[in-house]
K.L.:
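Quick one: the structure is below, questions incoming.
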Amino acid sequence: MPKEHEYNTRTRIAKIFRVLLDQPFRYTRKELADKFGVHPDTISGDFEAFKNAEFEVRWDEKNRYAFLENKPFLQLKDLLHFSEEEQTMLYEAIENLPMTTARQQKLREKLASVYDFKKLGHSYLRKPYLTKVDLLTEAQQQKWQVVFEDYRSSNSNSIKNRLVEPFHVSPSEDTVQTFDVEKRVVNHFLISRIKRVKVLDSPWQFEGHHNIRQTDPFRIVTNDQVMVHLRLGVGAFNELVERFPLSKSHIEETDTEGTYDFQCKVNRNFLGLTNFILGFHHKQIEIIEPDSLREHLREAVGKMVF
């Protein structure tokens, strides 16, 4: 068996590799030394080990380190992503994990505390998504500003960077609530639409404006909500839970076979819900309440131009 100091060295090098891979140009040599409790010269030795393994380390104008993405490095980075088959295997393994040991129980609780796999599905097990969640969580805890690089916005139909202060990260809802530094407003973003999270050295400046808001099953973040009650046929039920997985916890089977009740609070403008009802009205969707939803749908249909 390896000696204790050898095990610690190997563990540290593996962790440094992960840090430089996930957060390029984030840490200086001294910061890495402080992070892992060693002397900066030890980090230099680790860099030499990377070089010997043909992974070149480079630095920016502030002496922050990252890997040079040469061909061997790109090949290794590709291996760190979950394939579709691997995602399925991992999901099934988690679902069927025996509860016979304390270690297995701890693993299940740890995974469950971060992600609800039944709601999120396999795509959220991919390493790029988990990395973004890790960085957002770290930025929230350390109160750092971040840049969402190449955020894909449906509202503005654009792809651009966004400078924000993330103060509420919710992987189960695929949302992060932030203060938008440029627009000076509280705003929410879908984590899956962020290409990369870049953590900055600059601390929060607008913490007094960080107000957490409610998120409905359609991933609309607002405290201005209204209770909705729908009765769904099998087809409508399938479409709703498959397109909006968060809705599943608000649905119950009725006494009538093949019908389901959907009851929960949603945003008062019925964003998301409107598209669902108009798109799948033929699959048996009955509006129980509120009347304002019926009126809203009539107005929406009246504005349609064909």
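Each residue takes its place number in the sequence, starting with 1.
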K.L.:
Verify whether one side chain among R162 and S153 offers a donor that lies under 3.5 Å from an acceptor in the other.
P.N.:
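No, no side-chain donor-acceptor pair sits under 3.5 Å.
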K.L.:
Are V57 and F25 linked, directly or through other ILVMFWY residues, by side chains that come within less than 4.5 angstrom of each other?
P.N.:
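No, V57 does not connect to F25 through the hydrophobic network.
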K.L.:
Apart from F167 itself, what residues make up its hydrophobic cluster, given side-chain heavy atom links below 4.5 Å?
P.N.:
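Noted: F167 shares its cluster with V147, L163, F179, V181, V186, L200, W204, F206, I212.
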K.L.:
Between Y151 and F189, is the ring centre distance below 6.0 Å?
P.N.:
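They qualify: ring centres under 6.0 Å apart.
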K.L.:
Can you check whether E239 reaches F276 side chain to side chain, under 4.5 Å on heavy atoms?
P.N.:
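Yes; the side chains approach each other to less than 4.5 Å.
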K.L.:
Can you find a heavy atom in the side chain of F17 that is under 4.5 Å from one in the side chain of F50?
P.N.:
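In short, these two side chains touch, coming nearer than 4.5 Å.
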K.L.:
Any luck finding a side-chain donor-acceptor pair between S44 and R29 under 3.5 Å?
P.N.:
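Side-chain D/A pair, S44 to R29: present.
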K.L.:
Considering only heavy atoms from C-beta outward, does the side chain of T42 approach that of H39 to under 4.5 Å?
P.N.:
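When only atoms from C-beta onward are counted, H39 and T42 do touch, with a gap below 4.5 Å.
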K.L.:
Report yes if some heavy atom in the side chain of P24 is under 4.5 Å from a heavy atom in the side chain of R196; otherwise report no.
P.N.:
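Yes, at least one pair of side-chain atoms sits under 4.5 Å.
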K.L.:
Do D134 and T137 have side chains that approach each other closer than 4.5 Å (heavy atoms only, starting at C-beta)?
P.N.:
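Not touching, per the 4.5 Å side-chain cut-off.
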K.L.:
Might you point out which heavy atoms bring I285 and L232 nearest each other, and give the distance in Å?
P.N.:
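For I285 versus L232, the nearest heavy atoms are CG2-CD2, 4.0 Å.
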K.L.:
Mind checking who shares a hydrophobic cluster with M227, ILVMFWY linked at side-chain heavy-atom distances under 4.5 Å?
P.N.:
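So far as hydrophobic clustering goes, M227 is joined with none.
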K.L.:
If you draw a 6.0 Å radius around CD in Q142, do more than 12 non-hydrogen atoms from other residues or ligands fall strictly inside?
P.N.:
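Yes, enclosed.
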K.L.:
Can you check whether I220's main-chain N or O pairs, donor with acceptor, with D216's side chain at less than 3.5 Å?
P.N.:
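Yes; at least one donor-acceptor contact below 3.5 Å.
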K.L.:
Please determine whether side chain to side chain contact (heavy atoms under 4.5 Å, CB included) holds for the pair D46 and K51, giving the CA-CA distance in whole Å, both sets of side-chain angles, and the decisive distance to 0.1 Å.
P.N.:
CA-CA 9 Å; D46 295 339; K51 182 178 179 180; over 6 Å; no
K.L.:
Are side-chain N/O atoms of H210 and E165 paired as donor and acceptor at under 3.5 Å?
P.N.:
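H210 vs E165: donor-acceptor pair found between side chains.
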K.L.:
Determine, stepwise, if the pair R294 / R298 fulfils side chain to side chain contact (heavy atoms under 4.5 Å, CB included).
P.N.:
CA-CA 6 Å; R294 296 188 183 90; R298 293 190 187 100; 3.8 Å; yes
K.L.:
When you compare the side chain of L136 with that of F148, does any pair of heavy atoms fall below 4.5 Å?
P.N.:
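Yes, at least one pair of side-chain atoms sits under 4.5 Å.
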K.L.:
Would you say the ring centroid of F237 lies under 6.0 angstrom from that of F262?
P.N.:
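Ring centroids of F237 and F262 are no less than 6.0 Å from each other.
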K.L.:
Which pairs count as ring-ring contact (aromatic ring centres under 6.0 Å, His included) when at least one residue sits in residues 282-306, sequence neighbours excluded?
P.N.:
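Pairs touching residues 282-306 that pass the test: F270-H296.
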K.L.:
For T222 and N267, test the side chains for any donor-to-acceptor distance below 3.5 angstrom and give the result as yes or no.
P.N.:
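Per modelled atom types, T222 and N267 side chains form no pair under 3.5 Å.
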K.L.:
Please determine whether side chain to side chain contact (heavy atoms under 4.5 Å, CB included) holds for the pair V228 and Q263, giving the CA-CA distance in whole Å, both sets of side-chain angles, and the decisive distance to 0.1 Å.
P.N.:
CA-CA 6 Å; V228 165; Q263 298 186 62; over 6 Å; no
K.L.:
Just checking N52: does its CG atom have more than 12 heavy atoms from other residues, nucleotides or ligands closer to it than 6.0 angstrom?
P.N.:
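Yes, enclosed.
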K.L.:
Does any part of the side chain of Q141, heavy atoms only, come nearer than 4.5 Å to the side chain of K143, both counted from C-beta?
P.N.:
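No, too far: nothing below the 4.5 Å cut-off.
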K.L.:
Measuring only between side-chain heavy atoms, which start at C-beta, is V164 closer than 4.5 Å to N187?
P.N.:
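With C-beta onward as the side chain, the pair stays apart.
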K.L.:
Before you tell me yes or no, could you show the steps for K15 and F36 under side chain to side chain contact (heavy atoms under 4.5 Å, CB included), namely the whole-Å CA-CA distance, both residues' side-chain angles and the distance that decides it to 0.1 Å?
P.N.:
CA-CA 9 Å; K15 289 183 176 180; F36 295 103; 3.5 Å; yes
K.L.:
Taking the six-membered ring of W59, is the NZ or CZ of R26 close enough (under 6.0 Å from the centre) and on axis enough (within 45°)?
P.N.:
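No, R26 does not sit over the ring of W59.
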